[in-house]
Amino acid sequence: MTKFTSPCYLCGRPLAEPTSWDHVPPKQLYADEIRKKHSPNLLTIRVHADCNQAYQHDEDYFVNTLAPFARGSYAGNALLKEVFAKYGAGKKRGLVHKVLQEFERQPSGLVLPANLVAKRLEGERVYRVAWKIIRGLYFHHLADVLPEDTPNGFEIVPPDRPAPKEFIIWPPDEPIRGRYPGVFDYKFAKFPEVHSFNYWAMLLWDRIIMIMKFHDPACDCDHCVEIRSTRVPIAPM
Ligand SMILES: [Zn+2]
Ligand SMILES: [Zn+2]
């Protein structure tokens, strides 16, 4: 039996079988065509099989609901073509149908503008997957679990909106880290002098920017300390 030495980044508990390999970011971001042509070497992290499974539906939703905004880039067009091909073949028809109904002339709820048509998103589900991606990358780079309830700020910048200033003036020596940048790219910076403030930005399909800001998991500001005090402790490994 395998003896695991690291925790599951999704729940923070020690790893134990059954486990599975989680793709960070979700594999569905890559159209099959892109995967075949460019064979990107995707990052995987071992997690509890149940924890992985618990994100499956939201990851499908995330990709399908954002795909229409990816139109216009190489990887985005390939993805959108695939979403419609699957719809034509009767796969995931319910999901695609649901996503298409999210387009409406009269915006209500959480609105992500794209040209003149507003699209309503289930913001919680999109956020949950975006945060999972960041937590996976954080674990990969810093070997530290970022608990799901860490307070954060989340922002989506669709293709027709100007990118935030701090995104544009990003220090040029900050490396670009995506394994296949046409699909998924990201960068991050840490500012230890301000509550160990973390700023992460992702670029999806060269079209959609997502920004996540948060404090270090061990931050000692009042807010973070209070959040931590309400947690059920995890047994040490
Ligand atoms: Zn887990
Ligand atoms: Zn804090």
Side-chain angles (χ1 to χ4, degrees), residues 1-29 42-63 122-156 164-167 170-171 174 179 184 186-202 210-237:
M1 214 180 117
T2 325
K3 174 83 181 125
F4 298 111
T5 52
S6 70
C8 165
Y9 85 87
L10 290 170
C11 68
R13 289 164 210 285
L15 275 178
E17 296 294 359
T19 63
S20 63
W21 291 99
D22 177 42
H23 282 82
V24 183
K27 203 166 58 183
Q28 300 100 298
L29 257 59
L42 304 181
L43 170 66
T44 53
I45 301 177
R46 196 194 275 273
V47 296
H48 294 121
D50 286 352
C51 291
N52 202 353
Q53 188 61 39
Y55 282 89
Q56 192 66 51
H57 287 300
D58 284 352
E59 289 184 349
D60 284 347
Y61 176 78
F62 181 93
V63 170
E122 288 184 32
E124 257 320 296
R125 301 179 78 185
V126 170
Y127 158 78
R128 186 168 179 251
V129 174
W131 186 220
K132 171 181 180 272
I133 298 171
I134 298 294
R135 292 165 64 219
L137 295 172
Y138 190 92
F139 183 72
H140 172 69
H141 285 286
L142 304 162
D144 201 0
V145 172
L146 198 50
E148 186 155 29
D149 64 355
T150 305
N152 57 37
F154 176 49
E155 192 183 340
I156 301 180
K165 197 167 93 234
E166 75 273 10
F167 184 82
W170 196 278
E174 209 41 63
R179 302 247 172 143
F184 181 77
Y186 64 100
K187 45 192 184 177
F188 63 90
K190 218 184 219 323
F191 304 91
E193 60 283 12
V194 241
H195 291 311
S196 303
F197 182 77
N198 292 264
Y199 183 99
W200 287 67
M202 313 189 263
M210 291 190 180
I211 292 167
M212 197 73 81
K213 306 165 191 181
F214 52 91
H215 295 177
D216 271 1
C219 171
D220 59 3
C221 81
D222 292 348
H223 191 41
C224 291
V225 168
E226 194 191 319
I227 294 277
R228 277 206 298 280
S229 73
T230 63
R231 275 187 202 140
V232 181
I234 291 172
M237 291 182 73

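When a ligand or atom number is given, it counts from 1 through the structure's own listing order. Computed from a prediction, not measured in an experiment: that's the story for all the values here. The residues of the chain are indexed from 1 along the displayed sequence.
- Within His215, the N/O/S atom positioned nearest the Zn ion (ligand 2) carries the name ND1.
- Using cut-offs of 30° and 60° on the angle between ring planes, the pair Phe191 and Phe197 is tilted.
- Across Phe214, Trp131, Tyr127, a single residue satisfies ring-ring contact (aromatic ring centres under 6.0 Å, His included) together with Phe154, and that is Tyr127.
- Residue His48 approaches the Zn ion (ligand 1) most closely through its N/O/S atom ND1.
- For the 3.5 Å distance criterion, the side chains of Asp22 and Tyr9 qualify, holding a donor opposite an acceptor.
- Ring geometry for Tyr138 against Trp200 counts as tilted: the plane angle lies between 30° and 60°, on a 0 to 90° scale.
- Put simply, Cys221 gets within reach of the Zn ion (ligand 2), with an N, O or S atom under 2.8 Å from it.
- To the nearest 10 degrees, the Zn ion (ligand 1) sees SG of Cys11 and SG of Cys51 at an angle of 110°.
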